[in-house]
Every structure is written in structure tokens, then in C-alpha cells.
Amino acid sequence: MNLQGDVLVIGAGLAGLTAAWQVAARGGRVRLIAKGWGALYWHAGCIDVLGYYPPLGEAAVSSPAEAVAALIQERPDHPYARVGVAGLDEALRALQALCAQQGYPLHGSLERNWLLPTAVGALRPTCLAPETMIAGDASQPLPTLIVGMKQLLDFYPTLIADNLSRQGIPAEGVALDLPSLRECNFINAALLAKRLEQPQFRAEVVAALRPYRGRAERIGFPAVLGMEQAVAVKAALEKELGRPVFEIPGLPPSVPGMRLHGILTRVIGEKGGRVYDGMQVVRAEEARGRVTAVYSEAAARTRPHRFNRYLLATGGILGGGTATDSTGRVREVIFDLPLAAPNDRGEWFKRDFLDAAGHPIYQAGVRVDGSWRPVNGDGQPVYENVYAAGAMLAHCEVIRERSLEGVALATGYRVAQMLAG
Amino acid sequence: MRQVECEVLVIGGGATGVGVVRDAAMRGFRSVLVEKRDLSHGTTGRYHGLLHSGGRYVVKDPEAAVECIEENRVLRQIMPHCLEDTGGFFVSTPWDDPDYGDAFLEGCRRTGVPCEEIPVRQMLKEEPLLNPDIRRCFRVPDASADSFLAGESNAASARQYGAAILNYHEVRQLLRRDNRVVGAVCYDLVGDEEVTITADMVVNASGAWAGRIAAMVGIMVNVVPGKGTMVAINHRVINTVVNRCKMPADGDIIVPIHTVAVIGTTDERVADPEHFAIEPWEVELMLSEGEKLVPGLRQMRMLRAWAGVRPLYQETAAADTRDVTRAYTLLDHAARDGVEGFITITGGKWTTYRQMAQVTMDKVCSQLGTERPCRTHQEPLPNPFAAEPQGEGDYHLLGARLARTEQAQSFGNLICECEMATPADVERSIVQNEAKTIDDVRRDVRLGMGPCQGGFCTLRVAGMLHALRRPSVTETNVALRDFLQERWKGLLPILWGSQLKQERLDELIYLSVLNVDRLPGEKSSKLGPSMYEEIGD
């Protein structure tokens, strides 16, 4: 299939999906192609905007609005500085409106970060969280019961509970041994999510939990409370258990990430756009400073896609948009765009895996002009019609900052506004 | 402070040490082994995993070649479950001296190393990724060996004969009465207490650390640590051990071991067995030499690099009395230094560990004035996986874990997908083997060593460890962080391409999703890894 149209988005992570949705929503003719299903399958399914900002202290950021404003002051190259707090807020509100309309509300605002338990029992600052997670917020030290399932090997309730207790939230953990799961020889999060949509399986869970409810005032589950009907599953469990219920995201693949992916993919389709997976872009064709086509790999040959404009949202090193090799070369894989990156492999890493500032190689990315076009060393756009958003952008460390989804959403949104405007 | 009494105290939990303690226990001595970290934590756990046929030494060191082939035959009898019967090739590439092939054949004939020249066409049929420009190929009975499992099996056998194996017990001081060593004071890193062990004989089997132990009683033993760096490739690029047919040199061997292949090695003298770097040139050399054997190897995904230190013994005193072959060194300190009750065994290779243990215990017997024959070559080692699928001849079967999973139809029931380790494997390590760290579990179970380098199993093992033991949660937290750092240590030298992408996913999991850097407790512990030195230090 050879695609044609106005805007081609490359990459199905949050940046690419947001951009395609916004272009389509504003009446643009847009297609999105990606190698696979995109990075949301890895994410916790929340929108992290800014979780830590060391110049304001070691503790988790309490008000993202304030911390982002401070960061913008300090770091004019950061993607947030190009978007601005107001632009970020607009993107967050647009996503919230979309998710609410799709029956999966994301709660929160730039005024305050949630502190939500993780699958080891740490407390994670995040700006927007789905309705299925917010009852876990740590600002209230309510007695908590953490429930796992013996057959789900990605979730260890006693570890989570003991860490929560250690941090002042009295908690206990229990791993249920459910008869109907004993027969399964394959259990994963997505499978459990489907099961929990069935009333009889929920009844089994509720019955098994009866002896453990005790004095718990809320009950935490792995993030498997339904795929398409998460809010209803959560409400049903709450009714049956008589307690607030919340989800705790863990190892990929992430059910909450899949839900966001599903919502965005659906809305793109509804607005006349379309998302294609299994289409890895392998090369581009150019003429007189413009990209005229990109080629994707298909069975036995490559196919050209001719669009007016191309948005590069292929992610950084994790997404596969940036490749590295043993000689120390760091390369943008489609257009071979110039990258801001440490020159020498000796400068790529710090000694500690968990180094607070992060490993310099992961900040490799493209620099862009005022119109989000990747630029060369002289600050001139490399191509008139190529734009970039998300983790491909230089000057941010989205994992250390806990700004992964915030940067993707805000930049994808802003670029789309411009492309559609 | 604890007190322990025994007849034979063995210092060092590498292949030699566990071999000695097993031999001692089988001869009826009340025996204790102390190791400052986990068994096989040192050089034994950091080699490429070759069971020598002896082929490597037939020209350079025929005596060592004879020892190797003798022991090769013995180990195939007593520990087939630790060996994969891969066979080995010696291949003459266009970069190798074409005359060496004939010298090699002649050397094999003289030392008794079975060797057969096969047509290159046949070689390529068996190993299609090998360089088609290879000119000659010789088949020898090399094999690959699981040194972790061998260590565990020797220790298990020693325990059956009544020995005590004390890991995480560091020797702080040797006890000396007049001209006799009578034991050692150890520090138990886990129990955080001193342990005094008295013994009739103390065997120093601490490998590259032998000089440091001997120095505690003022004896000079000059062991120079010879660093060897290795790189694991994320594929079984070959299923046969492949050696270059030339005088032994850097980067001239690829060993298929479990699900990966390991290319090795360098040989660099370093000052200190615990502080050395993996230099970029070493990794580069592995890639460029490996490329000569398997074209395209450089583009493949590298999983990890590591380095171990061979103990290279150097004689210093002219009038030394020692029983020594080229391959290993037995120092009788009564004759050599006038200190009774103390013997050092060092040098050697993994392949000859049992023979080293035998001559050591023969010496111990003669010093204690008793005659008790060695039986370690007659009795097979216990096989913890005896109930599971075995290969022909009871050798380790590469597909054993897959076969096990298929039999049970339990495809989702895995803690480590890369290496197909199950919850039962991990539980055995934690409960039965009393693993102290997640890295101990790794050695017991073989997990965390595949493409994701602990990305998924670290959380799971930490969760199981916590659920089974219920330690203070900060202990679990630091165990988890220690293991992440331990994996990072070996990734740094080879981190580019797909493996770098993988590490970014592991960061996303442990930082963005799990926030492990903000868990309560210490960031690292004394049981955590010691990093390689920084380049240029």
C-alpha cells in the first residue's frame, strides 16, 4: 500500500499518536505509520509531567506548574520551554477531555502531582492518573490491602505492602490462589484484564478476598482491572468489596498503557486519520531541501509514501529513532539528521545505573527551530518539511525528570497545532 | 563470636577450593571451606566455560596438554551434567601460520589428545557461520562447562560427606602458634560477626588472592593476577568450541555456553586482583578477532563483558621446594618456609581443578601422617537436575529447560524468560541454597544473563525473595538495587546498538514505572558488586 496525504506521522508513541489525533481533529489529512505498537505499551499509563526537579529539592515535585516554570527559566533549550506552561496545560486538558469522553477519565492537574504506589511499593509522582489508580494516592495514609494473584509472576504484594508500611502507609499484602487460574498455563496482565471483565471471575476474586479485607480502607490490585471497561470493573469491585479500589502499574506490557493507546488510535480513526503498524520506515527520498517520500518495509520490497510534511516521532534510543554502534556513532535512522550527542563513547555513561543525573547518551536528540524543524549546526532547518516531537528531541532526560509522557504529549500537541494551523 | 573446629580448613570457594574440600571430606576429614563472597564468585565464575581437550597446549606446553586430556576424561565421567558435549575445532584461518597445523597434529599425537582433521566442507556443514576461508580444521574433544553448577555440585557432594561450606566469610587473619598455622579468624559479612576456625591443616586455595592470604603469616607467595576479558554474544553463533589453530593468543576462542557464545580472551598482568578495568581495546580486539572466525560477528548484539584474573605464579626464592608442574603450583610451606600446617595450591585451569585437589590432599595426608586414598575421580557428583531431561550420555542438554517447560505446558510460568528459569528454580536457590543476594540466585539458577540482563527478572526475584524470607524490606530494596548495579557493571563496556536500547527499557521499568531509586533504604550494600575501574585510572 502506498500512502499519500498531507501529514505523515512516523511513530506510534504518545507524541506521534497525539499529533495524529490533533491534526485529524483539526481537519488535516493525516496518516501515522510505525514499526510496532508504540511505546505506550511500556508506560505506566499515567501522564508524568515533572516528577523530580533537583534545583527545587530532592523530594518529589509537588506542583508541576511551579517546577515546570522554574525549569523553563533555567533551561531555555528544554522542550517545555518551547511549549510553555500554558501550552502544556492546554495539551493536558485536551487529553483529559478526550479520555473523559471515552469513559476513561484522567484525573489531576498541573497544580499537584499524585503520589501513587508502584509495583515495588515506591511512591511515584505523576500529574494525571486514570480513575482506576487515584485511590492509591499516598497523601492519605489509609490502611491498605495489596492483592496479587499467585500465578501472576509480575506482582509481589508483600514487597509492595512492606514498602508502603515503611513509608507510613499501613499495608498488608496477599497473593490469592484462585482455582480458575490454577488451570491456566499462561497468565499475563492483558489476559487477566479480560478475565476481570467477566462477572463470575470477579465474584471468585471477591470471595477469595473476604477473609483479608479486615481493617483495610482501600484495596490495591495489579493494573489488570479490565481492558475496555476499566472504570466499570473498578466500580463493580468497589461495590462488591465495599472499599475504594485502585490499580498499581508494573512490568510491561502495561494494560493502562494499552488503554491510552486504544483511545488515541480510535479517535484518530474517527476523525478520518489512520494508524498503520508493521510499517518500519527504512529510508527517505529528498529533492531541493524537501523530503519527497519515505519508504517503509513491506513483504519483499519497500513502498513509498508521499506526503507534504513529515513528523518524526520515532522516539530516542528506546523508540529506535536513534541508533548507536560500537564505534561511538550516534545516528538518526531515517533522515540521518544531525544530533546533539556526546562525541565519545567514553562520555556516554555514568558509573551508577541509577545515577540521579542520568547517562548523557540518552539526551542525544535533534535540535529544532521555532517551527519544530530539526536544524543543522548553523541552526538552519535540514529539510523544509520535516518536523520532530517527543523523545527524539534533544536537551531533556525524560526518564530521570519523570517527564516522559508530558514531553511527548505537549510537543506532539504543539507541533500538530502548527501543522494543522 | 562463633568458634568452629575442623581438621582441614580450605580458603577459597572457586573450583580449586570446592574440589579440595570435597576431596578432604571424602577422605574422611572434618572439613570447612570459607569464601569471602559466593561460591564461584571469583575467577571460576568469570571464565569462558571451556573444558580443555588439551589441544590448546599440545605445542606450547605438552605437559599441561596431558593433564588436560586426562582430566577431561575424568570430568566427563563424574560430572556430565555440568558439561555440554559440544566437541571442539581448531581452525587455521588465513591469518594463522599455515605450518602450525602439522605441528598441532604431531603435538596431539605425542600428548595423546584425540584429534582428527576434517574437510573444511564438513566443518562448514556443521558450523555454517564459520569463515569459509578457513583452510584446515581439526576436531578435538573440547566441551563447554558450567562452572557455577560444577561449584555447586562439588559443594553439595562435600556437604553430603559432612563438610561445612561458609560463603560470605572473609579471612581476616591466619592464626599462628609458633611455627604452625592453626586456623583463621573470619568475618561473616551476612551475620556481621567474627568466626574463629581452628584446623589441623589450612589449605590456601584462593587463586589470585593466594599471595595476600600467605602474607598474613609473613610468607611471600608471588601470584600475579593475569586479567582475561571476555564478551558474550547474544546468539549461539556456533555450537562447537572453536579455537584458532595457532600458538595461544588473545581473542582466539569462541565457546558456546548455554544460550550464548563467549569470545575470549585477553591476558594482561594487573597489580591487584580486585581492581582492574576492562579496556576498550580489549573489547575491540575480541570483536576484530571474532570477526575472523565468524564474519559479521561485529554487527551482532553483544550482551555483556567481564574479566577474571588468572593466578600466575612466579617463583622468587631460589631454593624453594615445591611440587609444581607447568600447569599448577603446590607450595608446601613447611618445607619451603618452615611454617607447618599450611599449604598453598594455585595456578592451574578449571579443567584440572580435581587433579589439583587430589595432589593437595595427598600432601595434606602425608603432613598429617595418614594414608587415605583419593576417590573424587570414582564417584559422580550429585546432579540437582537429575529429574529433568538430560542429553545423550547424561551430558547437559541445551534444550533441557525448553523440554521441561513443554512437558509441563507451563509457558507463562517463568521468572526469567531469557533463560527459562521457573519459580521453582528460584525458590530452590532461595530456600535450599540460602542465596544471600540476587546475584547468588543468578549463579544458582542461571537467570538475568540473557538479552534483557535482569530487566524483568530482577523485580520478580526480589519479590520472591521478600515473600519467602520476609526480611526487613530495606534489605530487599538494597538487594534489588545491588543486582541492577551488578548487571550494569558488565554492560558498560559493550553498550551500544540493541543492547543500549534494551538498557533504556530497563531504565524505563526501574525508574519511570517502579521508581526503585526512591525506595527506602541504602542505595548499595557491602554485598553489592565492586565495579571495574574506570578507563585510564
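Order of the sequence lines fixes the chain letters, A, B, ..., with proteins taken first and strands second; residue numbering starts at 1 for each chain. As the structure is a computational prediction, the values presented were derived from the model and not from experiment.
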One option among B:Q299, B:R470, B:E284, B:R481 has the most heavy-atom pairs under 4.5 Å with chain A, and it is B:R470
Bottom line for A:L123: the part with an atom under 4.5 Å from chain B's heavy atoms is backbone
*Test item: B:E503 and A:F353 side chains (from C-beta on) under 4.5 Å apart, heavy atoms*: yes
Honestly, the part of B:M464 sitting under 4.5 Å from a heavy atom of chain A is both
- Query: Counting heavy atoms not belonging to A:K35, are there more than 12 under 6.0 Å from its NZ?
  - Reply: no
| said: Any carboxylate oxygen within less than 4.0 angstrom of a Lys/Arg side-chain nitrogen, looking at A:E397 and B:R504? | reply: yes
* To do: Taking A:W42 for its side chain and B:L508 for its backbone only, find out whether a donor-acceptor pair lies under 3.5 Å.
  => no
Heavy-atom closest pair (A:A119 atom, B:L514 atom, distance to 0.1 Å) is CB-CD2, 3.6 Å
Under a 3.5 Å distance rule, please check whether B:D517 uses its side chain to pair with a backbone N or O of A:L354 as donor and acceptor. no
Checked B:Q485, B:M531, B:E507 vs chain A; the most non-hydrogen pairs under 4.5 Å come from B:E507
| request: Please indicate whether B:E522 has more than 12 foreign heavy atoms, meaning atoms of other residues, nucleotides or ligands, lying under 6.0 Å from its CD. | output: no
Heaviest contributor of heavy-atom pairs below 4.5 Å to chain A, chosen from B:V516, B:I415, B:L495, is B:L495
_Carboxylate-amine/guanidinium contact B:K523 A:D352, below 4.0 Å_ = no
(request) If the plane angle is over 60° it's perpendicular, under 30° parallel, otherwise tilted; pick one for B:W488 and A:F349. (result) perpendicular
Output for pair (B:L492 CG, A:K350 NZ), nearest 0.5 Å, gives 12.0 Å
Residues B:S512 and A:R124: closest non-hydrogen pair is O-CD, 3.0 Å
Next item on the list: Taking the side chain as every heavy atom from C-beta outward, state whether B:L511 and A:R400 have any pair of such atoms under 4.5 Å apart.
Entry: yes
Chain A shares the most heavy-atom pairs under 4.5 Å, among B:V283, B:N477, B:T476, with B:N477
Does the side chain of B:R460 come within less than 4.5 Å of A:Y156's, by heavy atoms? yes
Bottom line for A:R329: the part with an atom under 4.5 Å from chain B's heavy atoms is neither
Residues 166-175 of chain A vs chain B, non-hydrogen distance cutoff under 4.5 Å, contacting residues -> A:R166, A:Q167
* Asked: How far apart are the C-alpha atoms of B:L500 and A:W348, what are their side-chain angles, what is the distance that settles it, and do they pass the side chain to side chain contact (heavy atoms under 4.5 Å, CB included) test?
  -> CA-CA 11 Å; B:L500 180 62; A:W348 284 9; 4.3 Å; yes
Bottom line for B:R487: the part with an atom under 4.5 Å from chain A's heavy atoms is neither
Ranked by heavy-atom pairs below 4.5 Å to chain A, first place among B:G521, B:G412, B:S498, B:P280 goes to B:G412
- Item | Check: B:N515 main-chain N/O paired with A:T118 side-chain donor or acceptor under 3.5 Å | no
Among residues 145-154 of chain A, those lying within the under-4.5 Å heavy-atom range of chain B are A:L153, A:D154
In terms of heavy-atom contacts, B:F456 and A:P252 come closest through CE2-O, 3.4 Å
Practice item. Please confirm whether B:R518 makes a cation-pi placement over A:Y52, using NZ or CZ under 6.0 Å from the six-membered ring centre and within 45° of the ring normal. Key: yes
(Q) Can you confirm whether more than 12 heavy atoms, excluding those of B:F411, are under 6.0 Å from its CZ atom? (A) yes
One option among A:I317, A:I248, A:V330, A:N163 has the most heavy-atom pairs under 4.5 Å with chain B, and it is A:N163
### Query
When you measure from the side chain of A:R345 to the backbone N and O of B:P493, does any donor-acceptor pair fall under 3.5 Å?
yes
Value for CD1 (B:I509) from OG (A:S254), rounded to nearest 0.5 Å, stands at 11.0 Å
Whatever's closer than 4.5 Å to a heavy atom in chain B on A:L404 counts as side chain
Most heavy-atom pairs under 4.5 Å with chain A, out of B:L480, B:N413, B:L465, B:I494, belong to B:N413
